[in-house]
Amino acid sequence: MSSALRFVLATGNPDKAREIREIFDDVGLQVRLIPRPADAPEVPETAPTLLGNALLKARKLVAFTGLAAMAEDTGLEVEALGGAPGVLTARFAGEPPDEQANVDKVLAELARARRRKPEERRARFVTVAAACWPDGREITTEGRVEGWIAEERRGTGGFGYDPVFVPLEADGRTFGELAAVSPAAKHALSHRGRAFVELAERLKTVFPSAIMGK
Ligand code: IMP
């Protein structure tokens with residue numbers, strides 16, 4: 001009989017939590033993701049890197065709950081903007097985080113820089129995933145996807161910057177358009193898909209009993 005792994009999930013973002021659940025289901029790993037307790041303190045993302053912030057969030061949650069915890073941090077790096085928004089991706093247009101305003105700001109800055117051709121609008125998404133246990137064990141993985149920023153929003157699927165991110169490995173559709181067809185079409189190429197598939201593979205080797213059907 002297979003048995004599910006249990007992790008408290010650091011993210012309070014329902015879109016990220018849904019995607020992480022879908023990715024684990026797709027690879028056949030039984031993982032029970034427990035929502036972050038309402039009284040868990042907010043962890044400011046003060047580290048200078050995605051890895052630092054993912055570990056910060058997972059370790060703080062382990063310390064607070066005494067349970068294994070999982071966290072992720074994601075950044076969008078736009079080449080023509082010197083790698084911005086990067087670690088500031090969630091707050092690019094200021095506080096409080098506003099996804100519409102963030103996308104508007106990326107589009108406005110590229111327009112101001114007169115970057116119109118896809119090759120002048122190159123960008124990548126990077127996700128770092130972290131799983132941490134109370135005994136000090138930690139697994140971290142990274143996933144990335146190369147692409148470019150469309151001039152206007154396309155597609156109703158996904159979230160955040162998805163309507164303007166065009167992955168190079170697809171057919172010109174944005175993540176917003178791909179995810180509207182099926183979430184799996186985004187996960188097959190996405191930064192989050194790649195980081196969490198690798199995390200799932202690493203977890204399967206350590207905890208084979210969590211493989212579905214075992
Ligand atoms: P953080 O990882 O919570 O710091 O958030 C990063 C920012 O990137 C947020 O504004 C999210 O909306 C955005 N974001 C994270 N993952 C994705 C994604 O898969 N597609 C589009 N936007 C994303």
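As the structure lists them, so they are numbered: ligands from 1, and atoms in each ligand from 1.
Between Glu95 and Arg91, at least one side-chain nitrogen of the basic residue sits less than 4.0 Å from a carboxylate oxygen of the acidic one, meeting the salt-bridge criterion. Using a 4.0 Å cut-off between a side-chain N of Lys or Arg and a carboxylate O of Asp or Glu, Glu109 and Arg115 do not qualify as a salt bridge. Looking at Arg18 and Glu22, a side-chain N of the basic residue comes within less than 4.0 Å of a carboxylate O on the acidic one, giving a salt bridge.
In this structure, a donor-acceptor pair under 3.5 Å is present between the side chains of Thr74 and Arg192.
Residues Ile139 and Ile20 fall within the same hydrophobic cluster, defined by Ile, Leu, Val, Met, Phe, Trp and Tyr side chains chained together at heavy-atom separations under 4.5 Å.
With hydrogens and angles ignored, the 3.5 Å screen pairs no side-chain donor or acceptor of Glu19 with any backbone N or O of Lys16.
Within the 4.0 Å heavy-atom criterion, the part of Phe125 lying near ligand 1 is the side chain and not the backbone.
Protein heavy atom nearest atom 20 (N) of ligand 1, with residue, atom name and distance: Asp162 OD1, 2.6 Å. The protein heavy atom nearest to atom 8 (O) of ligand 1 is Thr89 CG2, 3.1 Å. Shortest contact from atom 22 (N) of ligand 1 to any protein heavy atom: Tyr161 N, 3.0 Å. In terms of protein heavy-atom proximity, atom 23 (C) of ligand 1 is closest to Phe159 CE1, 3.7 Å. The nearest protein atom to atom 12 (O) of ligand 1, hydrogens excluded, is given as Glu99 OE2, 2.6 Å; this is a heavy-atom distance.
In this structure, Phe175 does not count as a contact residue of ligand 1, since none of its heavy atoms falls inside 4.0 Å of the ligand.
Checked by distance only, ligand 1 and Thr74 come closer than 3.5 Å through their nitrogen or oxygen atoms. Taking distance alone, with nitrogen or oxygen atoms compared against 3.5 Å, Lys57 stays at or beyond that limit from ligand 1. The N/O atoms of Asn13, backbone and side chain alike, include none that comes under 3.5 Å of an N/O atom in ligand 1.
Close contacts of ligand 1 with Lys16, meaning ligand atoms under 4.0 Å from a residue heavy atom, involve 1 (P), 2 (O), 3 (O), 5 (O). The Asp73 neighbourhood of ligand 1 comprises atoms 1 (P), 2 (O), 4 (O), with distances under 4.0 Å to a heavy atom of that residue. The ligand atoms of ligand 1 that sit less than 4.0 angstrom from a heavy atom of Arg192 are 15 (C), 16 (N), 17 (C), 18 (C), 19 (O). Short contacts between ligand 1 and Lys186, defined as distances under 4.0 Å to a heavy atom of the residue, involve ligand atoms 18 (C), 19 (O), 20 (N).
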(request) List the steps and the verdict of salt bridge (charged side-chain N to carboxylate O under 4.0 Å, His left out) for Glu138 and Arg59. (result) CA-CA 9 Å; Glu138 295 180 343; Arg59 287 174 182 162; 2.7 Å; yes
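Ring planes of His191 and Phe125: parallel class, angle under 30° (limits at 30 and 60°).
Interatomic distance, NZ of Lys204 versus CE of Met212, reported as 9.0 Å (0.5 Å rounding).
Looking at Pro97, Ala90, Ser190 and measuring to atom 5 (O) of ligand 1, the nearest heavy atom belongs to Ala90.
A salt bridge (charged side-chain N to carboxylate O under 4.0 Å, His left out) with Arg194 is found for exactly one of Glu72, Glu169, Glu146, namely Glu169.
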